[in-house]
Amino acid sequence: MRQDLEPFNEPIFVTRPIVPNLDNYRNRLESVWEKKWFTNNGEQHQLLEKKLQQYLGVSNISLFNNGTIALITACRSLRLSGEVITTPFTFAATPHVLTWNNIRPIFCDIEEKSLNIDADKLESLITSDTTGIMPVHVFGMPCDTGKIQKIADEYGLKIIYDAAHAFGTKVDNTGIGNFGDITMFSFHATKQFHTAEGGALAFREPSLKKRVDLLKNFGIKSEDEVIMPGINGKMNELQAALGLEVLEYLDDEREKRKRLFEHYREYLKNIYGVICLETGRNVYSNYQYFVIRIEKEKFGKSRDEVHEKFKRYNIFSRKYFYPLCSDYACYKQLPSSSQNNLQVANKIIHEVLCLPLYGDLQLDDINKICAILSSFSNN
Ligand code: T4K
């Protein structure tokens, strides 16, 4: 440990949630209390749905109790079956929702630059059992939506985007929820916009709204009719009220993160062996994560060593998304999980590290994190 670099007094986590004013939240809850209406499409829920539809610039949206149940419902609503192609470089939820739908995940390699599914490698994985593609806008970086759509159209496949990290991201001024058949957002507390737990599906096709809303409410059509095997995916009023308050802070949070993000980039650009993930061309980023890759041969230390050493300074970086999903015990026997099929993913999985990024951090905190990081280098 370098003498002049003291550990932080308090732990510095990879992220911290927006915490809205408690009195304002209480005011909202008072109206819930008065109405004695806690869930099942209440007033807060309806208001949040309307506001998010506008904020995200999408034509249809349906709120959920979490992003995973939203994704499970999305697969069901499009009647996906057989095989769906996805990325191994994602959170466990992505392949698991396929398994919960009795669908076999087929892992496709990723692009080294964006860390997203490599659209050029999709076609070779399509079989007569393929019904869809589930790409992830990983770390909020948009996938190559044009190329993926072209392939899907050619083979008659559905696309469900996992945009758990991409709330508020735009490409060429178009909200990220406007691509593919369905887009899922997560509103978990670790996400920039959050409802503690929560999520949503966005889609263009208006008829899908009815089906999705039925599926998330047990398939209940009326008092006397249950017309499909649904699930309980409903967002409650406490979550929705929290979301309405968090929304008020979102633009300010993004601005703060942008400043910190740019400061990180400026500082780290001259550190040999550290690569910063780009935000992408024509992309209005939400700055959900600040992601670096550490090239051991150049930097002198491995990603794992850096991750461990940071802890001594009270810095809790994260090795998202290690291990690859294709290496989980439940998936590693799949032919598509072979290292040969996933060469880029198997390389970068030992290099990627998420550094702390959230609005309450100060520029000086970033300076210190970067100075500590650079003190680990052998150069
Ligand atoms: N698809 C993708 C690509 C996803 O990344 C996710 C979720 C999903 C689908 C599924 O969406 P949800 O069903 O979750 O809506 C977290 C989240 O639990 C998870 O939502 C998220 N992705 C994943 C990337 O991150 P952990 O295990 O890393 O969370 P945890 O508890 O270690 O939190 C990370 C840091 O955040 C903590 O060190 C401190 C801070 N934190 C966390 C919480 C919960 C707070 O400051 N306050 C809090 O309340 O999974």
Side-chain angles (χ1 to χ4, degrees), residues 8 10-20 52 62-75 84 86-101 105 107 110 114-117 134-143 160-167 169 176-177 180 182-202 216 231-236 238-239 242-243 246 253 257 286 288-291 307 310-311 314-325 328 345 352-361:
F8 281 93
E10 299 291 330
I12 303 289
F13 295 115
V14 71
T15 189
R16 300 309 328 253
I18 290 178
V19 180
L52 292 186
S62 181
L63 305 185
F64 279 80
N65 48 7
N66 65 61
T68 305
I69 296 287
L71 261 190
I72 287 178
T73 310
C75 294
V84 165
T86 190
T87 167
F89 187 65
T90 181
F91 191 59
T94 318
H96 286 352
V97 303
L98 298 174
T99 305
W100 275 64
N101 273 289
F107 295 113
I110 58 173
S114 67
L115 306 179
N116 283 329
I117 205 162
M134 188 177 282
V136 179
H137 301 300
V138 85
F139 301 131
M141 168 78 118
C143 294
I160 299 175
Y161 281 106
D162 178 338
H165 311 157
F167 186 95
T169 297
I176 196 78
I182 299 186
T183 297
M184 181 282 283
F185 296 99
S186 163
F187 305 157
H188 183 263
T190 51
K191 305 301 182 303
Q192 226 180 109
F193 170 75
H194 76 91
T195 56
E197 290 272 5
L201 296 180
K216 78 172 179 191
I231 199 166
N232 183 355
K234 291 167 280 125
M235 177 181 280
N236 68 48
L238 278 61
Q239 291 173 293
L242 180 58
V246 167
E253 173 73 15
R257 285 179 181 230
N286 66 354
Q288 171 68 53
Y289 290 102
F290 186 78
V291 186
H307 174 252
F310 263 146
K311 291 180 188 167
N314 230 354
I315 299 169
F316 297 90
S317 60
R318 290 300 287 264
K319 298 186 282 181
Y320 291 135
F321 288 100
Y322 180 86
L324 288 176
C325 298
Y328 296 175
V352 176
L353 192 66
C354 292
L355 301 187
L357 182 68
Y358 49 90
D360 282 345
L361 283 175

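When a residue number appears, it is its place in the shown sequence, counting from 1. Atoms within each ligand, like the ligands themselves, are counted from 1 in listed order.
- Judged by distance alone, the side chain of N314 and the main-chain N or O of I12 form no donor-acceptor pair under 3.5 Å.
- T190 CG2, 3.6 Å is the protein heavy atom nearest to atom 33 (O) of ligand 1.
- Nearest-residue assignment for atom 35 (C) of ligand 1 (options V14, T94, N65, I72; heavy-atom criterion): V14.
- Here the OG-NZ distance, from S62 to K234, works out to 12.0 Å after rounding to the nearest 0.5 Å.
- Counting heavy atoms under 4.0 Å from ligand 1, residue E197 does not touch it at all.
- Proximity annotation for atom 2 (C) of ligand 1: of A70, A164, P95, C354, A164 comes nearest, heavy atoms only.
- When ring centroids are compared, H165 and F321 come within the 6.0 Å threshold.
- Ranking protein heavy atoms by distance to atom 45 (C) of ligand 1, first place goes to P17 CD, 3.6 Å.
- Looking at atom 22 (N) of ligand 1, its nearest protein heavy atom turns out to be K191 NZ, 3.2 Å.
- Of the protein's heavy atoms, at least one falls inside 4.0 Å of atom 13 (O) of ligand 1.
- Residue T68 touches ligand 1 through backbone and side chain together, judged by heavy-atom distances below 4.0 Å.
- The heavy atom nearest to atom 4 (C) of ligand 1, out of those in F89, F91, F64, is found in F91.
- Looking at Y289 next to ligand 1, no N or O pair under 3.5 Å apart turns up.
- Contacts of F316 with ligand 1, taken as heavy-atom pairs under 4.0 Å, are absent altogether.
- Although no hydrogens or angles enter the test, the distance criterion places no donor-acceptor pair under 3.5 Å between the side chain of K216 and the main chain of N65.
- Between T87 and the choices V136, L324, D162, V138, the side chain to side chain contact (heavy atoms under 4.5 Å, CB included) rule is met once, by V136.
- No option in F185, F89, Y161, F167 other than Y161 meets the ring-ring contact (aromatic ring centres under 6.0 Å, His included) test with H137.
- Note: F310 and F316 fail the aromatic proximity criterion, with ring centroids not under 6.0 Å apart.
- Using a 4.0 Å heavy-atom cutoff, A196 is absent from the residues neighbouring ligand 1.
- With hydrogens left out, the protein atom closest to atom 41 (N) of ligand 1 is T15 O, 4.2 Å, a heavy atom.
- Using modelled atom types, one side-chain atom of Q288 and one backbone atom of Q192 make a donor-acceptor pair closer than 3.5 Å.
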